[in-house]
Amino acid sequence: MGNGYPASTSRSAELHRRGLAVIPDGVSRSTVIIRPHPIYVDNAKGAWITDVDGNRYLDCNNNFTSIILGHADPVIEAAVRKQLGRGTAFSMATEAEIELAEILCSRISSCEQMRFCNSGTEGVMGAIKAARAFTGRPTIIKVEGSYHGTYDHAEASLGSDPSNWGLADAPSTVPYAQGAPDSLADEVVVVQFNDAHGAVETIRRVGTRLAAVLCDLMPSRVGMPVLDPTFSEALRTTTREVGALLILDEVISFRLAHGGAQAIHGIDPDLTVLAKIIGGGFPVGAIGGRSDVMEVFAAVDGDRAAVPSGGTYTANPVTMTAGVACMRELTGPNFDRLDDIGNQIRQGLEGLFEERAIEWQVTGAGSLFRIHPHQRRICSYRDAHLNSDETTVMTSLQHRLLEREVYLSGYGMGCVNLATSDADIHHFLGAASEALRLVVP
Ligand SMILES: Cc1ncc(COP(=O)(O)O)c(C=O)c1O
């Protein structure tokens, strides 16, 4: 067996004890917590991470999908090093910002213009503010269980469970963070993914109060279900009918194709939110869309913009340079290779389940996959929601994989990068086979 994780005598455990004194939970991201202690990284190269104890892991998470070429990619490293020597951030603009905006607008047909920010959370928040300013309306509709970052409105019903999620055709708006304002229930209305009929009714009911519908076409926390085209068509047609906007969150799904998931499904949103891969491994977010909508960010005739936006590190040239380098590398053949890696993993896992008569399944597309410890047909969040036994099984799977040099998220969401070789895929499937033998005896 490869790794020594977890060990109370390890350097990771020691760092965690030290971190706990000055950082709640010992780390600043709830998402990197693994019990009994998080893993502290020393370095990473290509598809592999090495921790501070010298343990190695095939990275099947890739910083929750932000790394696409591979860790420490030499092309990005060279571009960034060059920029570092020329300064990292100024209270003035740089050409790199225009270059990245040009590349993204040329790849995404619905985007005529682009504004940058520093994270997907900020991008979603900015898109919601833009929709409210453009329409003069307060309410948004979002999909139950779908993750769009940590803005209160975008988080609504992210963690709904059977005790509070309400009726299937009228899901409750459930605040995620404690202390979220009561007004959330008026300002956010929730629908189920793939429920075209429910979406049409809800959009029409909210009608003249509706600013926008926010949707991710392959939401990971919803289980990466296959999109029913009648659902996305219903969102597009009915938002137009009531004069509201359609915002697509492509923070993750942009890694599925040269033009993102909207190109695959032929959907034409008013606004698109991007982040993760477009920063080439550096913090980033962006809002793109039709120029008449994007106009809300412009200070016309020196007046304040309808939606002022800034940010000390927004469009800093290090991120922009890394983003440009990354986008240039992401050509058609590289997307084919990412699809190929993802297919080998998904098919390999399905093969393992079948061979052992394990009643599990795998969803996903391109470089993304999600393992589910059950065979409920996954259309929406309620199908994918794990009960406590299933949660325990998935945590156990994560640990058995860690012992076998594979790092996968605790809820079974996986993501591969371009540096993943066929030998790495073989390693993953070997580790998964052994881990499954222990987890599902
Ligand atoms: C679909 C989606 N939207 C928005 C976000 C928020 O992005 P960030 O973590 O950069 O704030 C995420 C992050 O995982 C995401 O997956």
Side-chain angles (χ1 to χ4, degrees), residues 27-33 59-68 104 108 115-131 140 142-159 176-177 188 193 212-225 227 232 246-257 260-262 264-265 267 269 271-288 309 311 313-316 319 322-323 326 363-370 381 384 408-415:
V27 287
S28 297
R29 298 167 75 186
S30 315
T31 44
V32 303
I33 293 171
D59 191 3
C60 291
N61 181 294
N62 284 290
N63 192 32
F64 288 97
T65 78
S66 78
I67 304 291
I68 192 159
L104 295 172
I108 309 172
R115 281 283 281 224
F116 291 103
C117 51
N118 298 295
S119 68
T121 295
E122 216 185 308
V124 167
M125 181 180 69
I128 292 173
K129 288 171 76 172
I140 62 157
K142 70 154 294 200
V143 167
E144 187 172 61
S146 194
Y147 183 66
H148 300 283
T150 55
Y151 178 45
D152 277 334
H153 290 73
E155 271 184 342
S157 296
L158 170 62
Y176 191 62
V188 184
F193 195 75
V213 173
L214 170 65
C215 185
D216 173 348
L217 298 175
M218 203 177 75
S220 64
R221 306 265 186 124
V222 176
M224 293 189 181
L227 174 71
S232 47
L246 176 61
I247 304 171
L248 284 190
D249 179 341
E250 293 242 32
V251 167
I252 291 184
S253 63
F254 189 54
R255 69 181 291 131
L256 290 176
Q262 58 190 267
I264 298 174
H265 297 288
I267 299 159
L271 290 174
T272 298
V273 181
L274 301 166
K276 308 233 189 210
I277 64 165
I278 67 158
F282 288 79
V284 77
I287 305 154
S309 71
Y313 289 103
T314 287
N316 74 78
T319 294
C326 182
T363 53
S367 53
L368 301 165
F369 63 97
R370 183 165 159 184
Y381 174 70
L408 186 74
S409 85
Y411 67 102
M413 195 272 282
C415 168

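Remember, it's 1-based here, ligands and their atoms both numbered in the order they're listed.
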Could you tell me if R370 sits above the aromatic ring of Y411, with its cationic atom closer than 6.0 Å to the ring centre and no more than 45 degrees from the axis?
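Geometry flag: not set, cation outside 6.0 Å or 45°.
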Any donor-acceptor N or O pair under 3.5 Å, side chains R29, N63
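Checked: R29/N63 side chains pair up, N/O donor to acceptor below 3.5 Å.
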Pair S146, R221: side-chain N/O donor-acceptor within cut-off below 3.5 Å:
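The criterion, which ignores hydrogens and geometry beyond distance, is not satisfied for R221 and S146.
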Pairs under 3.5 angstrom, nitrogen or oxygen on both sides, ligand 1 versus protein: list them out, please.
unit_1, atom_1, unit_2, atom_2, d
ligand 1, 3 (N), D249, OD1, 3.3
ligand 1, 3 (N), D249, OD2, 2.6
ligand 1, 7 (O), G120, N, 3.4
ligand 1, 10 (O), G120, N, 2.8
ligand 1, 11 (O), G120, N, 3.3
ligand 1, 11 (O), T121, N, 2.8
ligand 1, 11 (O), T121, OG1, 2.7
ligand 1, 14 (O), K276, NZ, 2.6

Set of residues satisfying side-chain hydrogen bond (donor to acceptor under 3.5 Å, both in side chains) with respect to T319, sequence neighbours excluded:
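Once residues adjacent in sequence are excluded, the partners of T319 under the side-chain hydrogen bond (donor to acceptor under 3.5 Å, both in side chains) criterion are N316.
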Please enumerate all residues that pass ring-ring contact (aromatic ring centres under 6.0 Å, His included) together with H153, with sequence neighbours excluded.
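Listed in chain order: Y151.
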Please output the side-chain donor-acceptor pairs of residues 272-287 that fall under 3.5 Å, not counting sequence neighbours, one pair per line with the distance.
unit_1, atom_1, unit_2, atom_2, d
T272, OG1, Q262, NE2, 3.0
K276, NZ, F64, O, 2.8

